Amino acid sequence: MTLSTSATADHIYAHGLRNQWHAVVPSRFVAPGGMRKVTALGEQWLLFRRSDGTLAMLADRCPHRGAPLSLGKHLGDRVACWYHGVEVETDGTVSSVPGLPGCNLEGKKLVTSLPVREVSGAVLAWFGDEEHPEPGELTLPDPLTDPEVDAFLCYAEWNVPWRFAMENLLDPMHGAFLHHESHTMFEGDTTAKFRIRETDRGYFFEKTDQRGVNFDWVELCRTGADWVDLSIPYPPSAGPGGPFGIVGMACPVDEGRTGVFFWRYRRVEGWQRDSWRFLYKTLIEQRHWDVLEQDRVMLEAMPADADQHENLYQHDLGVVRLRRLYRTAAEAQSA
Amino acid sequence: MTDPVNGAWPYLYVHQSRTHEPSPYEYKLAATLEQVFTQEGHELADVVRGLNARQVHAADGAPWTEESFRAEMNRLGA
Ligand code: FES
Ligand SMILES: [Fe+2]
């Protein structure tokens with residue numbers, strides 16, 4: 001079945017950590033009454049939405065002979081496999097075997113079904129392994145639940161290992177170089193000293209001598225899902241409201257691919273909120289995209305073994321810390 | 001707007017917040033608004049004065065008031 005407890009630490013490190021929540025795709029990717037095949041943590045899944053909006057996530061594998069359920073038919077409250085018609089409910093129970101009524105598959109829960117939640121426009125799922133099917137607690141990123149904060153989600157798919165996408169976020173110094181030609185990160189020193197500051201949910205990696213100028217700090221938060229929080233100043237053209245922030249998450253698709261989720265948020269209300277939203281849709285979203293493309297181009301060009309032949313320096317402490325944390329978790333989750 | 005949500009990898013799509021391609025009026029208003037924020041300030045009164053001074057008016061041609069500007073931003077930024 002899926003997400004076995006016998007996977008090696010290397011496999012887990014390459015394909016994503018289990019026993020936590022991960023963002024999978026934007027909510028709008030699954031229309032009411034629709035289905036969508038997705039790959040996550042190296043496995044095939046089916047997202048399946050009833051017409052009332054209820055969402056379910058099943059392993060994309062028919063319990064009969066393994067055909068992908070995503071090729072099947074949406075029957076409203078269940079899906080019928082195209083191959084021999086076996087019907088599976090949203091919780092993974094076989095409701096009917098049309099070819100052999102009364103067959104002993106009927107009534108058995110034979111398909112893995114993952115707990116799902118929808119958060120600020122994204123589908124989050126609990127990827128428990130065989131020993132941890134029950135969903136763990138999830139504390140949502142505070143900027144996404146604060147009513148005084150407004151956010152836009154940007155989702156993109158990159159041909160990079162998920163760890164590289166996360167490491168890029170724990171490496172704030174790249175802002176002053178990679179993003180020097182951008183609408184937000186053209187200012188600030190190109191030298192800095194960093195420190196790690198522990199919190200009860202993760203750690204900050206931050207410059208000791210500059211704040212509020214470039215991409216100067218980042219917080220890694222492990223609250224049931226892994227996410228980062230950071231803040232970057234806007235130029236005056238963006239109007240009142242101060243800097244914008246990013247809540248970032250990464251979906252490990254497989255060992256070479258990642259879905260990235262960036263909520264660009266701002267603490268704005270009233271006409272200030274409305275004018276930011278207007279400018280964002282009309283002009284600013286494109287500029288944010290151009291910055292994100294700089295990251296994608298760089299990360300996709302990195303060799304797959306980039307993290308094995310490095311010469312690190314003080315600015316890389318945030319990355320080193322992240323790797324150790326993920327490596328340790330992968331070891332603990334392997335058999 | 002057709003949203004290319006068809007499951008094809010990779011999904012790389014710039015405009016995820018839009019419901020429509022902005023009209024020439026919207027582009028012009030946005031560009032002028034950025035100029036006004038940069039040159040005049042961030043107070044509502046500054047913004048209304050700055051737009052009117054640049055002759056960039058509401059869609060019906062009327063000069064902006066604080067009320068009409070609020071209402072238009074609310075419509076366009078929803
Ligand atoms: S493989 Fe699905 S019904 Fe036979
Ligand atoms: Fe970046």
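Everything numeric in this text was worked out from a predicted model, so none of it was measured.
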Among side-chain atoms of B/Tyr27 and B/Glu21, is any donor-acceptor pair under 3.5 angstrom? yes

For the residue pair A/His183 and A/Phe244, does the interplanar ring angle fall in the parallel (under 30°), tilted (30 to 60°) or perpendicular (over 60°) class? parallel

Contact class of A/Arg287 relative to chain B, heavy atoms under 4.5 angstrom: side chain

Contact part of A/Trp276 toward chain B, heavy-atom cut-off under 4.5 Å: side chain, backbone, both or neither? neither

Could A/Arg257 and B/Trp9 be counted as a cation-pi pair, given that NZ or CZ must be under 6.0 Å from the ring centre and within 45° of the axis? yes

Answer yes or no: is there a donor N or O on one side and an acceptor on the other, between the side chain of A/Thr54 and the main chain of A/Arg50, under 3.5 Å? no

Check B/Asp46 with B/Arg49, please: is the shortest side-chain N to carboxylate O separation under 4.0 Å? yes

How about residues 61-73 of chain B versus chain A: which residues have heavy atoms under 4.5 Å apart? B/Phe69, B/Arg70, B/Met73

Side chain / backbone / both / neither for A/Ala238 at chain B, heavy atoms under 4.5 Å: backbone

Taking every heavy-atom pair that is under 4.5 Å apart, which of A/Ser275, A/Gly270, A/Pro26 has the most such pairs with chain B? A/Ser275

Charged N to carboxylate O under 4.0 angstrom, A/Asp150 versus A/Arg267? no

Ring center gap for A/Tyr234 and A/His288 short of 6.0 angstrom: yes

Need one label for A/Ser70: side chain, backbone, both or neither, based on atoms under 4.5 Å from any heavy atom in chain B. neither

Hey, does A/Asn214 have a side-chain heavy atom less than 4.5 Å from the side chain of A/Phe186? no

Name the region of A/Ile284, side chain, backbone, both or neither, that has any atom closer than 4.5 Å to a heavy atom of chain B. side chain

Are B/Tyr11 and B/Gln16 close enough, and set up right, to give a side chain to side chain contact (heavy atoms under 4.5 Å, CB included), and what steps lead you there? CA-CA 11 Å; B/Tyr11 178 87; B/Gln16 302 182 22; 3.6 Å; yes

Checking an interface table here. Which of residues 51-60 of chain B come within a heavy-atom distance under 4.5 Å of chain A? none

I'd like to verify something: which residue of A/Gln286, A/Arg277, A/Lys281, A/Glu157 has the highest number of heavy-atom pairs under 4.5 Å with chain B? A/Glu157

Indicate yes or no: at least one non-hydrogen side-chain atom of A/Arg61 is less than 4.5 angstrom from one of A/Trp45. no

Region of B/Val36 that comes under 4.5 Å of a non-hydrogen atom in chain A: neither

Does a salt bridge link A/Glu300 with A/Arg296, judged by any charged N lying under 4.0 Å from a carboxylate O? yes

Charged N to carboxylate O under 4.0 angstrom, A/Glu118 versus A/Arg49? yes

Would you say CH2 of A/Trp82 has more than 12 non-hydrogen atoms from neighbouring residues, nucleotides or ligands within 6.0 angstrom? no

Any chance the rings of A/Phe29 and A/Tyr155 have centres within less than 6.0 Å? yes

With only heavy atoms counted, which part of A/Val253 is less than 4.5 Å from chain B, the side chain, the backbone, both or neither? side chain

